[in-house]
Number of protein chains: 2
Amino acid sequence: MTVTLKDIARAVGKSVTTVSSALNDYDDVSEETKALVRRVAREMGYTPNIAAQRLRKQRTDTLGLILPTFGPRFSDPFFSELLAGIGNESSANGFDLLVSTQAPGPDEDEAYRRVVSGRRVDGLLVVRTRRNDPRIAFLVEQNFPFVAFGRTEQDFDFPYVDEDCVLGMKLVIQHLIDLGHRRIAFIAAPSDLMFATYRLTGFRQAMEENGLPLDESLILVGDMTQRSGHRLAGELLDRPDRPTAIAACNDLMALGAMTAAQERGLMVGQDIAITGFDDIPPAQYSHPPLTTVHQPIYRIGRMICDMLIKCINGEALVERHILLQPSLIIRRSGGG
Amino acid sequence: MTVTLKDIARAVGKSVTTVSSALNDYDDVSEETKALVRRVAREMGYTPNIAAQRLRKQRTDTLGLILPTFGPRFSDPFFSELLAGIGNESSANGFDLLVSTQAPGPDEDEAYRRVVSGRRVDGLLVVRTRRNDPRIAFLVEQNFPFVAFGRTEQDFDFPYVDEDCVLGMKLVIQHLIDLGHRRIAFIAAPSDLMFATYRLTGFRQAMEENGLPLDESLILVGDMTQRSGHRLAGELLDRPDRPTAIAACNDLMALGAMTAAQERGLMVGQDIAITGFDDIPPAQYSHPPLTTVHQPIYRIGRMICDMLIKCINGEALVERHILLQPSLIIRRSGGG
DNA sequence: CTTGACACCTGAAACGTTTCGGTTTATAAT
DNA sequence: ATTATAAACCGAAACGTTTCAGGTGTCAAG
C-alpha cells in the first residue's frame, strides 16, 4: 500500500541502490536517471519511511524539549512564546520537535533518561535551569548534545543562553529607588531555580548599593503563578506597615499582585508600585501596563535551537555562552 | 557502545529471540529466564532502539499536534493549558508527542502532508477547526486517524470534542441583557474559525430571542489577541454612542478590552460591562475578574488525546462526538 | 590490442527489533 | 513402547533505508 524504494526501482527498471542514490542526489547517477527517478517517485507519491532512515542513519532529526509543568492549570505565556521560537527554528532546519510535559522530580529524570537512552532525539533543549540540576549533570555525564536556557551552579561547561538577571533586577530596583521608594518588598521564586537566585541577588545588591536596609520579612517566596503573586501581595498589603513597592520575580506574579492591590482599592503606579520581569505579552496590556525587564523570549527560543542543531551537526559554536543584556521597560505600574 | 538485544543475549547465553520474548513478557519463556534477562538488561542499561521497534512494528507510538501559531509573539494561555493536558495524557499512555508550530496556510497543509505520509506519527490531533478545513478534508481522505477539538461545516464524520459555544455565548449575552444592557457590542473572531462562527451565532440568537435590535456596526472582528481586543474596544468606546456592554469572543480579547476601557477612565463592571469566553487562568486574576464561559481546556486536551489513542488501537469509541455543556462564570467585569 | 580512467549502475550487508515457524526435551497418555 | 502434549527455546526473515565494495561497458591513450 505505501510505496517504497523497491516499488520505484521496479517501476523504473533500476536497482534500489540507484533509486536511493538518485533521490539523495549522489553524483554517480546520470542526470536522466535522476530526473526519471524523481518524476516517478513524485507520481507514485513516495515518501521515505523515516523509521528506516533513522535506524540506518542512526539519527532521528528530532530535537527534544521537556517542559516543566506544574499541575493541570499550566498556563505560562512565557513557555508558549519560547515554544513558538523553538518550533519555528527547528522546523526551518528540518528537525522535528518532541515535546513532553513533566513536573520536576523523579518522573522528570526518568523522562530524560528515556529520551536519551532510547535515542529518541538527537539533542535536548533544557529550560529553566536549577542550581543543582540533575538534568544537566546527567546530560553532561552521558555526553549527550544539549543547550540550556539558563546557567547552573554546577561546575560543568555546556552551551547556554541566558539573560543577565542580576543586572536586570538591579535595573528595576534602582528605578524604584530613584522614584523614592525605600520599603520595597520582593516576591521571589523557589531558590533552587537559577533565575530566581539571580533575581533575588539583583534585588539584594541594588538595596545594598543604595545603602537601604534589607527587611527580610519583605521577601516572600511564590511559585511563579498569578495566583501565588495574588496571594503573597495580599499578605504584604494587609500588614500595618505595608511596603510602598513590590518587585516580583516574574511578570505573572506581578500581574497577580496588581490584582491584589486593586482589590484593596489601591491605585497601582500611584499608591503602590509593582514591577515584574520577563515582559511577556500580557504585561503590555495589563491595567496599568507593567513596568518590567524585557527578555527576547521568542528569539531566545530560536537561538538555543539553532545552537543545538549546530552542536548536533558537529559544527563549532562561535559563542558557547551567551549572556544577553537586559533592558528595563518602564510602564505605568511602577509609577514615575 | 549502546547495548542491544544481541549483547544481552550473549551475556545470558540465550538467543536474541528469547531475550526479546522475555522482555516483552511472552509466555513461552520460563519465569527464571525472564527474571534473569530483565535483571541483566537493567544492569547493562539496556533501552530498546525505538527506530528499530518502529520499523519492525510499523508503529511510531507518537501523536502529532500542529499548533496554529500566528507570528512570533505567540502567547496563548489557552494552548499552553491544552498542551499540558495532551502532553500528560499521551505520556501516561506511552506515546510521544510531536509538536510543530505553523501558521494556517500552504505551509500548514504541507506540514500535515509531511507528517502523515512520512508516517511520523500514528495519529493527529487537530485543534481550532475551521469552517472549511483543508486539514480535515485531507485526513479524512487519507483515512488517517485523528481527533479534532471543534467541528466543521464540511460533511465528514470524524471524532471530535467541542463545547456548545452557541449556547455558551447565549448564556453570557442573556446575562448581560438580564442586567439591563441593550446596546451590546460584540468583538468577534475571523469567521472562518468554527468556534468564532458559533459564538457569533449565539450572540445573534440571544439578541433576537430578546427582541433586541441588532446594530451591525457594533460587531467588530478581531484576531483573538489581547492587542486586538484593546484596539477594537478602544474604537467602540470612542464612539459618541458607545455600547454599555462589550462581549468578546475570547478571554484574551476581553482582557485587552478591559484595558482599553480603563485607559478611558471607565470602571469595568460598573460603567461598562465586559465579558469573555474560555475561562483561561488569567481571567480569574484580572481586575476586575472576568465574567466568562468556562471551557475545561486541560480536560479537553486529555479527552481528545485519549480518544485518539483508542482510535489508533482500533478500539471503538463509546462516544464519537462529544459536545460539552458550557457554564457561565459570573465574576465582576460583567457587572451585576 | 591492451590498459586505465571514467560514468553509471548494482548486490549485499547492515541498522536493532519482532515474529513466524519451527526444534528439542521432558512428561503424560495410550 | 509408542505417541501426543506442553514448555522452553531458537534460526531466520522481515521492516525500508543507506552505503560499501565492487562490476560493467565505453572510450581514449599508450
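Chain naming here is simple, since letters A, B, ... match the order of the sequence lines and numbering starts at 1 in each. Quick caveat, the model's predicted, so the values are computed rather than measured.
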Item to check | Residue pair B:T69 / B:F79, side-chain heavy-atom distance below 4.5 Å | outcome: no
Checklist entry - Looking at B:S30, does any N or O in its side chain come under 4.0 Å of the phosphate oxygens OP1/OP2 on D:dA7? => result no
Next on the checklist: Checking A:S20 against A:T17: is there a side-chain donor and acceptor pair closer than 3.5 Å?
Outcome noted: no
Checklist entry - What nucleic acid atoms does A:T4 come within less than 4.0 Å of, heavy atoms only: base, sugar-phosphate, or nothing? => result sugar-phosphate
Checklist entry - Is there a donor in the side chain of B:T101 and an acceptor in the side chain of A:N88, or the other way round, less than 3.5 Å apart? => result yes
Checklist outcome for this item: Of the listed C:dC15, C:dT18, C:dC9, the closest approach to the A:K14 side chain comes from C:dC9
Next on the checklist: If you go through the side-chain atoms of A:S15, does one of them form a donor-acceptor pair with the base of C:dG11 closer than 3.5 Å?
Outcome noted: no
Next on the checklist: At less than 4.0 Å, is any side-chain N or O atom of B:N49 found next to OP1 or OP2 of C:dC15? Yes or no.
Outcome noted: no
Checklist entry - Just to confirm, is there a sub-4.0 Å distance from OP1 or OP2 of D:dC9 to any side-chain nitrogen or oxygen of B:T33? => result yes
Next on the checklist: Which label fits B:F78 and B:F149: parallel for a plane angle under 30°, tilted from 30 to 60°, or perpendicular past 60°?
Outcome noted: parallel
Next on the checklist: Whether the side chain of B:T17 and the base of C:dT19 hold a donor-acceptor pair under 3.5 Å is what I'd like checked.
Outcome noted: yes
Item to check | Closest listed nucleotide, where the reference is the side chain of A:A52 and the choices are D:dC9, C:dC9, D:dG16 | outcome: D:dG16
Checklist entry - Closer to the 5' end of DNA chain D via nearest nucleotide, is it B:L55 or B:E32? => result B:E32
Item to check | C:dC8 base / A:D28 side chain donor-acceptor hit below 3.5 Å | outcome: no
Checklist entry - Taking atom types as they are modelled, is there a donor-acceptor pair under 3.5 Å from the base of C:dT17 to the side chain of B:R56? => result no
Next on the checklist: If you compare every side-chain N and O of B:Q58 against the phosphate oxygens of C:dT18 (OP1, OP2), does one of them come in below 4.0 Å?
Outcome noted: no
Item to check | Phosphate-side-chain proximity, B:Y26 and C:dT19, N/O vs OP1/OP2 below 4.0 Å | outcome: yes
Checklist entry - OP1, OP2 of D:dG16 versus side-chain N and O of A:Q53: anything below 4.0 Å? => result no
